[in-house]
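Just below is one structure, and these are the notes that go with it.
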Amino acid sequence: MSPLPVILLGGGGHAKVVLDLLRVLKRNVLGVCDPGLADQGIQLWRGLSVLGDDHAVERYAPADIELANGTGSLPGNTLRYRLHTQFTRQGYRFATLVHPSAILGSGVKLGQGVQIMAGVIVQADSRIGDNVILNTRACIDHDGVIGDHVHVAPGAVMSGDVTLGDGCHIGAGANLLQGIRLGSEVVIGIGTTVLTNVAAGHQQTGQPPRAPRRINEE
Ligand code: JB2
């Protein structure tokens, strides 16, 4: 059975990457819903018809289409979460998209609406929740547990057996030690190295360097 046609939600920066991914996967994209584009009277965006605001989705029955969430998720911005929960409640499904250059190990499980971008590696037995973005070149090593609505930004590295609670944001280039557990809604700053667990609703940013020491001389 051929995959259902797709409607893209959002026409900003993240949506460009999602649209490229849909095209690489040869998905039939019916158009984009974006109130910003519609308000400006823009009818064509990157070769796609602008269908209107999100109400345009309702012209299609949930069984006849899939949605692609083209809105990104940055700390404090709930739009992506809101679109996912609202349309899921209405019975629509979000396409799970995996770039052909990504590597998925054995036993990996992906939730609904997961977006795995170019160059991502997800190792054996990792579980990825709904509406997650694993952005360009991110890495989840073995046995990772990634909650719903998480964004792992480009180049961030989760060592083995890391658990991220729902709604976490992992900044670009961050590194998490193996076995680290983050509660829900934790924000890790760009380039931050995380060596201890972080409780729900907290953030860890910055990178205090330590003076060089001889190995085995703590
Ligand atoms: O209610 C809405 C709505 N409100 C704003 N429904 C829909 N379908 N779209 C909505 N938008 C549209 O989302 C705006 O009109 C705009 O076109 C788009 C947001 O685009 P922006 O480029 O501002 O953000 P983004 O979420 O695509 O990307 C952010 O997050 C990514 C993960 C950026 O900061 C990126 O740099 C980042 N990579």
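Each ligand, and each atom within it, is numbered from 1 in the order the structure gives.
- Look at His151 and you'll find a heavy atom under 4.0 Å from some atom of ligand 1.
- Nearest protein heavy-atom contact of atom 9 (N) of ligand 1 is Pro35 CD, 3.5 Å.
- Nearest to atom 34 (O) of ligand 1 among the protein's heavy atoms is Leu74 CD1, 3.1 Å.
- Using a 4.5 Å heavy-atom threshold, the side chains of Leu164 and Ile170 count as touching.
- Ligand-side atoms of ligand 1 in range of Gly36: 15 (O), range being under 4.0 angstrom from any heavy atom.
- With contacts defined as side-chain heavy-atom distances shorter than 4.5 Å, the pair Val152/Ile133 does not qualify.
- The closest side-chain heavy-atom distance from Ile140 to Val162 is not below 4.5 Å.
- Judged as a ring pair (Phe, Tyr, Trp, His ring centres under 6.0 Å), the pairs with a partner in residues 160-187 (not counting sequence neighbours) are, in order, His151-His169.
- Of all atoms in ligand 1, listed by their number and element, those nearer than 4.0 Å to a heavy atom of Cys33 are 7 (C), 8 (N).
- Residue contacts with ligand 1, taken as heavy atom pairs separated by less than 4.0 Å, do not involve Ile133 at all.
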| message | Checking Ile65 against Leu4 for the side chain to side chain contact (heavy atoms under 4.5 Å, CB included) test, could you report, in this order, the C-alpha distance in whole Å, the side-chain angles of both residues, the deciding distance, and whether it holds? | response | CA-CA 5 Å; Ile65 57 163; Leu4 291 169; 5.6 Å; no
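- Around the CD atom of Gln86, the shell of radius 6.0 Å holds more than 12 heavy atoms that belong to other residues, nucleotides or ligands.
- For the residue pair His149/Asn131, the side-chain donor-acceptor check at 3.5 Å is satisfied.
- Between the side chains of His14 and Gln115, at least one donor-acceptor pair of N or O atoms lies under 3.5 Å.
- Residue-ligand proximity, Arg82 to ligand 1, at heavy-atom distances under 4.0 Å covers atoms 1 (O).
- Across the listed options Gln40, His14, Met117, His14 owns the non-hydrogen atom lying nearest to atom 27 (O) of ligand 1.
- Looking at ligand 1, you'll find an N or O of Gly13 within less than 3.5 Å of one of its N or O atoms.
- For atom 38 (N) of ligand 1, the nearest protein heavy atom is 4.0 Å or more away.
- Within the structure, ligand 1 lacks Lys16 among the residues with a heavy atom less than 4.0 angstrom away.
- Counting the atoms of ligand 1 from 1 in the order shown, those under 4.0 Å from a heavy atom of Gly11 are 17 (O).
- At a 3.5 angstrom cut-off on N or O pairs, Gly72 counts as close to ligand 1.
- Polar contact with ligand 1: present for Asp54 (N/O pair, distance under 3.5 Å).
- Proximity of Asn77 to ligand 1, defined as any heavy-atom pair under 4.0 Å, is not found for any part of the residue.
- In this structure, the protein non-hydrogen atom closest to atom 19 (C) of ligand 1 is Gly12 CA, 4.3 Å.
- Shown here for Asn197 and Gly179, the closest heavy-atom pair between the two residues is OD1-O, 4.2 Å.
- In terms of protein heavy-atom proximity, atom 15 (O) of ligand 1 is nearest to Asp34 OD1, 2.7 Å.
- The nearest heavy-atom contact from the protein to atom 4 (N) of ligand 1 is Leu79 CD2, 3.5 Å.
- Under the 4.5 Å side-chain criterion, counting only non-hydrogen atoms from C-beta, Asp34 is not in contact with Asp53.
- The shortest distance between side-chain heavy atoms of Thr196 and Arg181 does not fall below 4.5 Å.
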